[in-house]
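First comes the structure, then the notes that go with it.
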Amino acid sequence: MRRRGLLLAAGLGLTGAAARRTSATESDWRALAAAMSGTLHRPGDPGYDQAHRLHDPRFDHVRPPAVAGCATAVDVAAVVGFANRFGLAVTARGGGHSYVGASTSTEAIVVDLRLLDSVSYTNGTATIGGGARLLPIYEALAAHGVSIPAGSCGTVGIGGIALGGGFGMAARLAGLTCDAVTGVELVTADGLIRHVDANTQPELLWACRGGGGGQVGIVTRYTIKCFPMADTGSFTAYWPWQDALAVARGWQQHIAPDHVWSTLQFASDRTVRVAGFTIGADAQPELDRLISAVGRPPENASVEQRSFLDVVRDRAGRATRATHLIGSDILPAPLSDETMRQVLTVVARRHGKPATVKFTPLTGAMSRVDPQATAFPWRGAFAMIQWLIIDAPADDAYAWIGQGHQAVAAQSIGRYVNYLEPDAQRLHLYYGRNYDRLRDLRRTIDPQRLFRSPFAVT
Ligand SMILES: Cc1cc2nc3c(=O)[nH]c(=O)nc-3n(C[C@H](O)[C@H](O)[C@H](O)COP(=O)(O)OP(=O)(O)OC[C@H]3O[C@@H](n4cnc5c(N)ncnc54)[C@H](O)[C@@H]3O)c2cc1C
């Protein structure tokens, strides 16, 4: 495969930056299209308007010079070679769920990986195309009684989520998505198709496990360790707003076993909610333990034996394109009452407008991974805060998210790279002590900055 990619790229005169010209002619673009087994969309082509869109309509105005629907790693290598030849940038597009539109650009050829969506399973390991989405992955693996740890939104791409980390209901049991990644097929800026694993290219594997999208190359295939999936319970409990602080204390103090995942949420309509999943166990005992830790009865609570797959199916079925605006804070330890009160004030200030603050755990299996083993920097931390607004004007939303950051500034140590915010000059906040290592690797592997974007470390 790798040799074929090189030969094809060389045949088109596409390798390296040496033969760079100022701009590609229409006949150059046609030659690229003819060399690909997928489809190249240029502005004006039928299909371009659909192909260039991301999940969030906020980025529809961004019109890349081409969207290359790649069907193979060789296609990806050909596009990279073409970009090198003509001095163009490249950005990968997986599920298209980037919160900042990082998978499109007016200056970069978009390598659309959605055709690379195969999923297979052998001996505890899944082999997954770099453009597959979570719901089809879960469905294919469920047929084998297994799953991978990943997120709860079925239309998110494995490409972005695995590169940046990957939180979901199995993270306390089986780790983050990136923790389960054992190897990748990676097309790097030099056009090579590399087979990356812990033995052959450990530094590249490190970067592909938590370093975020758009840094060291385009992943065309993942190998990911699976865990046995069991029947799953779920619970939801609501408390009145006046109990918010008690609920926060109880949720923070309650030490649940690894098979339990729960999130604490405060919404601007004064909703206080804890929602959770229990993999391979009944949800009721866990809900009871939580209620006892809170010390106040919920005003409403429900328990279901509903499989995770059903939950994800339901959400994916209803998924429409929407504007999601998000911010995050990483907490090394539980928030003090005083800081939690400030968080509640920030939420209450949004009354009448949509906003949710969600606390998700960073404990369990994901906290026990060797901090040097992956580029995900937040091992051993306690929880993450998400500041989330759906379908609101961006300026207004980010102003509120800024208030949230301020409220917890004394206790926050960073942010989550899959929840990027537009202030790219603060990129170091997403990487902590791993920033320099990732930057040095990027300078070596992509010296011409083929994957240039405001969100690529430099
Ligand atoms: C509605 C919604 C729900 C979400 N739920 C969760 C959740 O439960 N848990 C969680 O951890 N995160 C969640 N996220 C965040 C999500 O993990 C990130 O937005 C992620 O980057 C999306 O990946 P994608 O492939 O869909 O996006 P894209 O926009 O396609 O890509 C995101 C970034 O990754 C790069 N990229 C994508 N694929 C590849 C590839 N194969 N090779 C190289 N680079 C690639 C892109 O260039 C871009 O920089 C959610 C986001 C949304 C919008």
Side-chain angles (χ1 to χ4, degrees), residues 53-56 58-59 62 64 67 70 73 76 80 89-105 108-117 128-135 137 149-171 176-178 181 184-189 196 204 207-208 210-222 261 263 308 311-312 315-316 318-326 328 358 360 362 366 376 384 386 388 390-391 416-421 424 430 451-456:
R53 288 182 187 168
L54 303 185
H55 178 74
D56 189 334
R58 196 158 45 108
F59 305 110
V62 180
V67 179
C70 294
V76 176
V80 165
V90 169
T91 191
R93 186 229 202 262
H97 278 53
S98 165
Y99 287 104
V100 290
S103 45
T104 189
S105 162
I109 304 179
V110 171
V111 168
D112 181 352
L113 298 157
R114 281 174 290 181
L115 292 173
L116 285 160
D117 63 353
I128 300 174
R133 295 181 182 227
L134 295 185
L135 178 59
I137 295 170
S152 56
C153 174
T155 50
V156 163
I158 190 72
I161 196 169
L163 285 169
F167 289 93
M169 55 93 105
L176 302 169
T177 316
C178 71
V181 170
V184 293
E185 180 183 74
L186 184 73
V187 180
T188 42
V196 171
L204 285 176
C208 290
Q215 307 294 350
V216 292
I218 299 180
V219 179
T220 46
R221 192 168 58 218
Y222 285 95
W261 166 266
T263 61
F308 176 64
V311 174
V312 180
R315 288 180 57 162
R318 288 183 280 118
T320 47
R321 299 181 71 222
T323 288
H324 293 259
L325 303 130
I326 205 164
S328 61
K358 208 178 194 184
T360 56
L362 286 172
M366 66 188 134
F376 182 82
M384 172 172 67
Q386 297 172 44
L388 177 65
I390 299 178
D391 282 335
Y416 173 38
V417 74
N418 272 346
Y419 295 164
L420 278 172
E421 293 165 55
Y430 297 87
F451 302 112
R452 54 185 171 269
S453 118
F455 306 102

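First listed ligand is number 1; within each ligand, the first listed atom is number 1.
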Please say whether [X] places an N or O atom under 3.5 Å from an N or O atom belonging to ligand 1.
| X | answer |
| --- | --- |
| G157 | yes |
| G94 | yes |
| G96 | yes |
| H97 | yes |
| G168 | no |
| H324 | no |
| S98 | yes |
| G95 | yes |
| G151 | no |
| G160 | yes |

Inset, instruction - Kindly say whether the aromatic ring centers of H324 and H55 come within a distance under 6.0 Å. - result: yes
Quick check on [X] - does any of its heavy atoms sit under 4.0 Å from an atom of ligand 1?
| X | value |
| --- | --- |
| Y419 | yes |
| Y416 | yes |
| G165 | no |
| L54 | no |

Close-contact set for ligand 1 against [X] heavy atoms, below 4.0 Å:
| X | result |
| --- | --- |
| F167 | 7 (C), 8 (O), 9 (N), 10 (C), 11 (O) |
| T91 | 47 (O) |
| G159 | 37 (C), 38 (N), 39 (C), 41 (N) |
| S152 | 8 (O) |
| R93 | 30 (O) |
| G217 | 43 (C) |
| G130 | 41 (N) |

Legend entry - Within reach of ligand 1, part of L163 (heavy-atom separation under 4.0 Å): side chain
Inset, instruction - Heavy-atom distances under 4.0 Å are what count here, so tell me which part of D56 touches ligand 1: side chain, backbone, both or neither. - result: neither
Inset, instruction - State the CD-OG1 distance between E185 and T220, to the nearest 0.5 angstrom. - result: 3.5 Å
Inset, instruction - Find the distance between OG1 (T263) and CE (M384) and round it off to the nearest 0.5 Å. - result: 10.5 Å
[X] (side chain) donor-acceptor with [Y] (main chain) under 3.5 angstrom:
| X | Y | answer |
| --- | --- | --- |
| R93 | R53 | yes |
| T177 | P149 | yes |
| T91 | A102 | yes |
| Y430 | N418 | no |
| R133 | G154 | no |

Do [X] and [Y] make a side-chain contact, defined as non-hydrogen atoms from C-beta onward lying under 4.5 Å apart?
| X | Y | value |
| --- | --- | --- |
| Y99 | L325 | no |
| F451 | V216 | no |
| V196 | C208 | no |
| L388 | Y419 | no |

Legend entry - Worked verdict on L163 versus V417 for side chain to side chain contact (heavy atoms under 4.5 Å, CB included): CA-CA 9 Å; L163 285 169; V417 74; over 6 Å; no
For [atom], which candidate among [options] holds the nearest heavy atom?
| atom | options | answer |
| --- | --- | --- |
| atom 33 (C) of ligand 1 | S453, G166, G213 | G213 |
| atom 2 (C) of ligand 1 | F451, Y99, F59 | Y99 |
| atom 10 (C) of ligand 1 | N418, V156, I161 | I161 |

Inset, instruction - Please work out which of the three classes, parallel, tilted or perpendicular, describes the rings of Y416 and F376, given edges at 30° and 60°. - result: perpendicular
Inset, instruction - Quick one: do I218 and V90 satisfy side chain to side chain contact (heavy atoms under 4.5 Å, CB included)? Show the steps, please. - result: CA-CA 10 Å; I218 299 180; V90 169; 3.8 Å; yes
